[in-house]
Amino acid sequence: MIDINAIHYDKDIYPRKQHSNKTVNDYAESILSGAKFPEIELQQVQYNGEVKNVLVDGWHRWKAYEQVSKQGDLFANADDFKSIGYVYWKPDEVIDSENVVNMLLLKLRAAEANKGHGDRLKTDEKRLLAEETAEKTPKEEITQKKIADSLGVTQKTISNWIAHIRGRQNAGRDATILRLSMLGWTQEEIGENIGVNKSTVNRVLQNIPISKMQQEIQSFLE
(Lines give C-alpha, C1' and ligand atoms only; values in the text may rest on other atoms or scores of the structure.)
Protein backbone atom coordinates (compact mmCIF):
# COMPACT_ATOMS: atom_id res chain seq x y z
CA MET A 1 0.00 0.00 0.00
CA ILE A 2 1.12 3.56 -0.65
CA ASP A 3 -0.08 6.87 0.78
CA ILE A 4 -2.27 8.52 -1.86
CA ASN A 5 -0.40 11.79 -1.25
CA ALA A 6 2.90 10.12 -2.15
CA ILE A 7 1.80 9.54 -5.75
CA HIS A 8 3.14 11.91 -8.41
CA TYR A 9 1.05 12.74 -11.47
CA ASP A 10 3.15 13.71 -14.48
CA LYS A 11 0.81 15.01 -17.19
CA ASP A 12 3.61 14.68 -19.76
CA ILE A 13 3.63 10.89 -19.58
CA TYR A 14 -0.06 10.32 -18.97
CA PRO A 15 -1.63 9.84 -22.43
CA ARG A 16 -5.22 10.79 -21.59
CA LYS A 17 -5.64 14.56 -21.68
CA GLN A 18 -9.16 14.66 -20.23
CA HIS A 19 -10.53 12.88 -17.20
CA SER A 20 -14.07 12.08 -16.12
CA ASN A 21 -15.43 13.42 -12.86
CA LYS A 22 -18.39 11.09 -13.31
CA THR A 23 -16.07 8.08 -13.39
CA VAL A 24 -14.34 9.29 -10.21
CA ASN A 25 -17.70 9.76 -8.46
CA ASP A 26 -18.92 6.33 -9.61
CA TYR A 27 -15.73 4.69 -8.38
CA ALA A 28 -15.97 6.50 -5.04
CA GLU A 29 -19.54 5.27 -4.62
CA SER A 30 -18.44 1.73 -5.43
CA ILE A 31 -15.56 1.93 -2.95
CA LEU A 32 -17.96 3.00 -0.19
CA SER A 33 -20.19 0.04 -0.99
CA GLY A 34 -17.26 -2.35 -0.57
CA ALA A 35 -16.10 -2.85 -4.17
CA LYS A 36 -12.50 -3.93 -4.76
CA PHE A 37 -10.53 -2.35 -7.57
CA PRO A 38 -7.33 -3.49 -9.32
CA GLU A 39 -4.11 -2.04 -7.98
CA ILE A 40 -2.90 1.15 -9.62
CA GLU A 41 0.38 1.05 -11.53
CA LEU A 42 3.35 3.24 -10.66
CA GLN A 43 6.95 3.68 -11.76
CA GLN A 44 9.90 5.17 -9.95
CA VAL A 45 11.21 8.14 -11.93
CA GLN A 46 14.09 10.43 -11.02
CA TYR A 47 13.53 14.17 -11.50
CA ASN A 48 16.63 16.29 -10.85
CA GLY A 49 17.94 13.75 -8.37
CA GLU A 50 14.62 13.18 -6.58
CA VAL A 51 12.90 9.82 -7.06
CA LYS A 52 9.11 9.98 -7.28
CA ASN A 53 6.36 7.37 -7.55
CA VAL A 54 4.82 8.35 -10.88
CA LEU A 55 1.32 7.28 -11.77
CA VAL A 56 1.25 5.07 -14.87
CA ASP A 57 -2.30 3.69 -14.73
CA GLY A 58 -5.26 4.30 -12.43
CA TRP A 59 -5.92 8.06 -12.29
CA HIS A 60 -9.66 7.66 -11.69
CA ARG A 61 -9.14 5.03 -8.97
CA TRP A 62 -6.52 7.21 -7.28
CA LYS A 63 -8.82 10.25 -7.32
CA ALA A 64 -11.74 8.15 -6.06
CA TYR A 65 -9.68 7.02 -3.05
CA GLU A 66 -8.63 10.61 -2.49
CA GLN A 67 -12.26 11.72 -2.57
CA VAL A 68 -13.39 9.01 -0.15
CA SER A 69 -10.50 9.70 2.25
CA LYS A 70 -11.72 13.28 2.60
CA GLN A 71 -15.18 12.24 3.77
CA GLY A 72 -13.99 12.53 7.36
CA ASP A 73 -16.75 12.13 9.93
CA LEU A 74 -19.26 10.83 7.40
CA PHE A 75 -18.10 7.33 8.15
CA ALA A 76 -15.75 5.74 10.65
CA ASN A 77 -13.15 4.15 8.38
CA ALA A 78 -12.20 7.12 6.18
CA ASP A 79 -8.55 6.64 7.15
CA ASP A 80 -8.62 3.22 5.49
CA PHE A 81 -8.69 4.97 2.12
CA LYS A 82 -5.65 7.18 2.61
CA SER A 83 -3.50 4.49 1.05
CA ILE A 84 -4.01 2.38 -2.03
CA GLY A 85 -2.67 -0.88 -3.43
CA TYR A 86 -0.12 -0.59 -6.21
CA VAL A 87 2.39 -2.40 -8.38
CA TYR A 88 5.46 -1.05 -10.16
CA TRP A 89 5.73 -1.39 -13.93
CA LYS A 90 9.47 -2.10 -13.61
CA PRO A 91 10.07 -2.73 -9.90
CA ASP A 92 13.86 -2.96 -10.15
CA GLU A 93 14.39 0.14 -12.24
CA VAL A 94 14.46 3.90 -11.68
CA ILE A 95 13.87 5.81 -14.92
CA ASP A 96 15.73 9.05 -15.49
CA SER A 97 13.29 11.75 -16.60
CA GLU A 98 16.00 13.11 -18.93
CA ASN A 99 16.04 9.86 -20.93
CA VAL A 100 13.70 10.65 -23.82
CA VAL A 101 13.31 7.08 -25.09
CA ASN A 102 12.60 5.59 -21.68
CA MET A 103 10.07 8.30 -20.86
CA LEU A 104 8.32 7.61 -24.17
CA LEU A 105 8.27 3.90 -23.35
CA LEU A 106 6.73 4.79 -19.98
CA LYS A 107 4.07 6.84 -21.75
CA LEU A 108 3.38 3.98 -24.15
CA ARG A 109 3.06 1.66 -21.14
CA ALA A 110 0.44 4.00 -19.71
CA ALA A 111 -1.45 3.80 -22.99
CA GLU A 112 -1.09 0.02 -23.10
CA ALA A 113 -2.49 -0.36 -19.57
CA ASN A 114 -5.45 1.76 -20.63
CA LYS A 115 -6.50 -0.89 -23.17
CA GLY A 116 -7.71 -3.30 -20.51
CA HIS A 117 -10.08 -1.25 -18.36
CA GLY A 118 -11.35 2.20 -17.49
CA ASP A 119 -12.08 5.01 -19.93
CA ARG A 120 -10.35 4.22 -23.22
CA LEU A 121 -8.03 6.53 -25.11
CA LYS A 122 -9.60 8.31 -28.04
CA THR A 123 -8.24 7.80 -31.55
CA ASP A 124 -6.90 11.35 -31.65
CA GLU A 125 -5.01 10.78 -28.40
CA LYS A 126 -3.47 7.59 -29.80
CA ARG A 127 -2.45 9.36 -32.99
CA LEU A 128 -0.85 12.24 -31.09
CA LEU A 129 1.17 9.78 -29.01
CA ALA A 130 2.30 7.89 -32.13
CA GLU A 131 3.38 11.15 -33.77
CA GLU A 132 5.19 12.31 -30.63
CA THR A 133 7.06 9.01 -30.44
CA ALA A 134 8.10 9.19 -34.09
CA GLU A 135 9.13 12.84 -33.81
CA LYS A 136 11.35 12.21 -30.77
CA THR A 137 12.93 8.99 -32.12
CA PRO A 138 14.28 9.84 -35.58
CA LYS A 139 16.55 6.80 -35.45
CA GLU A 140 13.51 4.59 -34.77
CA GLU A 141 14.70 3.54 -31.31
CA ILE A 142 11.07 2.55 -30.72
CA THR A 143 9.69 0.38 -33.50
CA GLN A 144 6.34 0.77 -35.22
CA LYS A 145 5.39 -2.66 -33.88
CA LYS A 146 6.02 -1.51 -30.32
CA ILE A 147 3.93 1.63 -30.85
CA ALA A 148 1.12 -0.37 -32.48
CA ASP A 149 1.07 -3.02 -29.74
CA SER A 150 0.98 -0.37 -27.02
CA LEU A 151 -1.84 1.60 -28.61
CA GLY A 152 -3.89 -1.41 -29.68
CA VAL A 153 -3.91 -0.58 -33.41
CA THR A 154 -2.33 -2.16 -36.48
CA GLN A 155 1.17 -1.40 -37.72
CA LYS A 156 -0.41 -0.13 -40.95
CA THR A 157 -2.36 2.44 -38.95
CA ILE A 158 0.83 3.60 -37.22
CA SER A 159 2.63 3.76 -40.56
CA ASN A 160 -0.11 5.96 -41.98
CA TRP A 161 -0.12 8.21 -38.91
CA ILE A 162 3.62 8.86 -38.90
CA ALA A 163 4.45 8.66 -42.62
CA HIS A 164 4.85 12.43 -42.96
CA ILE A 165 7.25 12.52 -39.99
CA ARG A 166 9.40 9.62 -41.14
CA GLY A 167 9.43 11.01 -44.69
CA ARG A 168 10.78 14.34 -43.47
CA GLN A 169 13.32 12.69 -41.18
CA ASN A 170 14.53 10.28 -43.85
CA ALA A 171 14.91 13.06 -46.42
CA GLY A 172 17.36 14.84 -44.16
CA ARG A 173 19.11 11.59 -43.29
CA ASP A 174 19.46 10.57 -46.94
CA ALA A 175 20.93 13.95 -47.89
CA THR A 176 23.50 13.59 -45.12
CA ILE A 177 24.42 10.09 -46.29
CA LEU A 178 24.97 11.30 -49.85
CA ARG A 179 27.06 14.29 -48.78
CA LEU A 180 29.28 12.21 -46.51
CA SER A 181 29.72 9.64 -49.26
CA MET A 182 30.81 12.41 -51.65
CA LEU A 183 33.38 13.46 -49.06
CA GLY A 184 34.88 9.97 -49.21
CA TRP A 185 33.47 8.49 -46.03
CA THR A 186 33.03 4.72 -46.02
CA GLN A 187 29.58 3.25 -45.56
CA GLU A 188 30.61 1.96 -42.13
CA GLU A 189 31.77 5.43 -41.06
CA ILE A 190 28.56 7.04 -42.33
CA GLY A 191 26.43 4.49 -40.52
CA GLU A 192 28.25 5.03 -37.24
CA ASN A 193 27.95 8.80 -37.59
CA ILE A 194 24.19 8.94 -38.17
CA GLY A 195 23.19 5.84 -36.21
CA VAL A 196 22.16 3.34 -38.91
CA ASN A 197 23.69 0.11 -40.17
CA LYS A 198 25.79 -0.30 -43.32
CA SER A 199 22.97 -1.99 -45.24
CA THR A 200 20.73 1.06 -44.71
CA VAL A 201 23.48 3.36 -45.98
CA ASN A 202 23.99 1.15 -49.02
CA ARG A 203 20.25 1.00 -49.73
CA VAL A 204 19.94 4.79 -49.55
CA LEU A 205 22.90 5.35 -51.89
CA GLN A 206 21.57 2.78 -54.37
CA ASN A 207 18.10 4.35 -54.48
CA ILE A 208 18.84 8.09 -54.59
CA PRO A 209 17.27 9.51 -57.79
CA ILE A 210 19.69 10.83 -60.41
CA SER A 211 18.08 14.27 -60.21
CA LYS A 212 18.64 14.37 -56.45
CA MET A 213 22.25 13.28 -56.87
CA GLN A 214 22.90 15.94 -59.52
CA GLN A 215 21.37 18.57 -57.25
CA GLU A 216 23.55 17.54 -54.33
CA ILE A 217 26.68 17.42 -56.51
CA GLN A 218 26.01 20.94 -57.80
CA SER A 219 25.44 22.16 -54.24
CA PHE A 220 28.61 20.38 -53.13
CA LEU A 221 30.70 21.96 -55.89
CA GLU A 222 29.36 25.42 -55.15
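These numbers come from the heavy atoms of this one structure, side chains and all, not from hydrogens, waters or symmetry mates.
Partners of K156 according to the side chain to side chain donor-acceptor pair (under 3.5 Å) rule, which considers only residues two or more places apart in sequence or in another chain, do not exist here. Annotation: side chain to side chain contact (heavy atoms under 4.5 Å, CB included) contacts of A111 (sequence neighbours excluded): P15, L121, L129, L151. Every residue two or more places apart in sequence or in another chain that forms a side chain to side chain donor-acceptor pair (under 3.5 Å) with K107 is listed here: E132. Here D3 pairs with nothing under the salt bridge (charged side-chain N to carboxylate O under 4.0 Å, His left out) rule; sequence neighbours left out. Partners of H8 by ring pair (Phe, Tyr, Trp, His ring centres under 6.0 Å), not counting sequence neighbours, listed by chain and number: Y47. Residues satisfying the salt bridge (charged side-chain N to carboxylate O under 4.0 Å, His left out) criterion with K11, sequence neighbours excluded, are absent altogether. Residues that satisfy the side chain to side chain donor-acceptor pair (under 3.5 Å) test with S181, not counting sequence neighbours, are absent from this structure. Residues satisfying the side chain to side chain donor-acceptor pair (under 3.5 Å) criterion with T154, sequence neighbours excluded, are T157.
Using a 4.5 Å heavy-atom cutoff, the side chains of I142 and L105 are in contact. Side-chain contact between Y86 and M1 is absent, with no heavy atoms from C-beta onward closer than 4.5 Å. Side chains of I7 and I40 form a contact here, defined as non-hydrogen atoms less than 4.5 Å apart. Side chains of S199 and Q187 form no contact here, defined as non-hydrogen atoms less than 4.5 Å apart. Looking at heavy atoms from C-beta onward, D10 lies out of side-chain contact with V45 at the 4.5 angstrom threshold. With contacts defined as side-chain heavy-atom distances shorter than 4.5 Å, the pair Q46/E50 does not qualify. No side-chain heavy atom of I95 sits less than 4.5 Å from a side-chain heavy atom of Q44.
In terms of heavy-atom proximity, Y14 sits nearest to V56 at CE1-O, 3.3 Å. Counting all heavy atoms, side chain and backbone alike, Y88 lies closest to P91 at CB-CA, 3.6 Å. Across all their heavy atoms, S30 and F37 have their closest contact at CB-CZ, 3.8 Å. Of all non-hydrogen atoms in W62 and L55, the two that sit nearest each other are CE3-CD2, 3.7 Å.
Using a cut-off of 4.0 Å between Lys/Arg side-chain N and Asp/Glu carboxylate O, K122 and E125 are scored as not salt-bridged. Using a 4.0 Å cut-off between charged nitrogen and carboxylate oxygen, E131 and K126 do not count as a salt-bridge pair.
Sequence neighbours left out, the pairs with a member in residues 33-44 that pass salt bridge (charged side-chain N to carboxylate O under 4.0 Å, His left out) are E41-R109. Identified under the salt bridge (charged side-chain N to carboxylate O under 4.0 Å, His left out) test for residues 197-209, with sequence neighbours left out: E188-K198. For the side chain to side chain donor-acceptor pair (under 3.5 Å) condition, no pair includes a residue of residues 92-105, sequence neighbours left out.
A side-chain donor-acceptor contact under 3.5 Å links N25 to the backbone of N21. Between the side chain of Q155 and the main chain of D149, no donor-acceptor pair closer than 3.5 Å is present. In this structure, the side chain of T176 engages the main chain of G172 through a donor-acceptor pair within 3.5 Å. With hydrogens and angles ignored, the 3.5 Å screen pairs no side-chain donor or acceptor of R173 with any backbone N or O of I194.
Ring geometry for H60 against Y27 counts as perpendicular: the plane angle is over 60°, on a 0 to 90° scale with 30° as the lower cut.
T200 and N197 share a donor-acceptor pair across their side chains, judged by distance under 3.5 Å alone.
Through chains of ILVMFWY side-chain contacts below 4.5 Å, V94 is grouped with V51.
Between the CG atom of N53 and the CD1 atom of I2 there is a distance of 4.0 Å, given to the nearest 0.5 Å.
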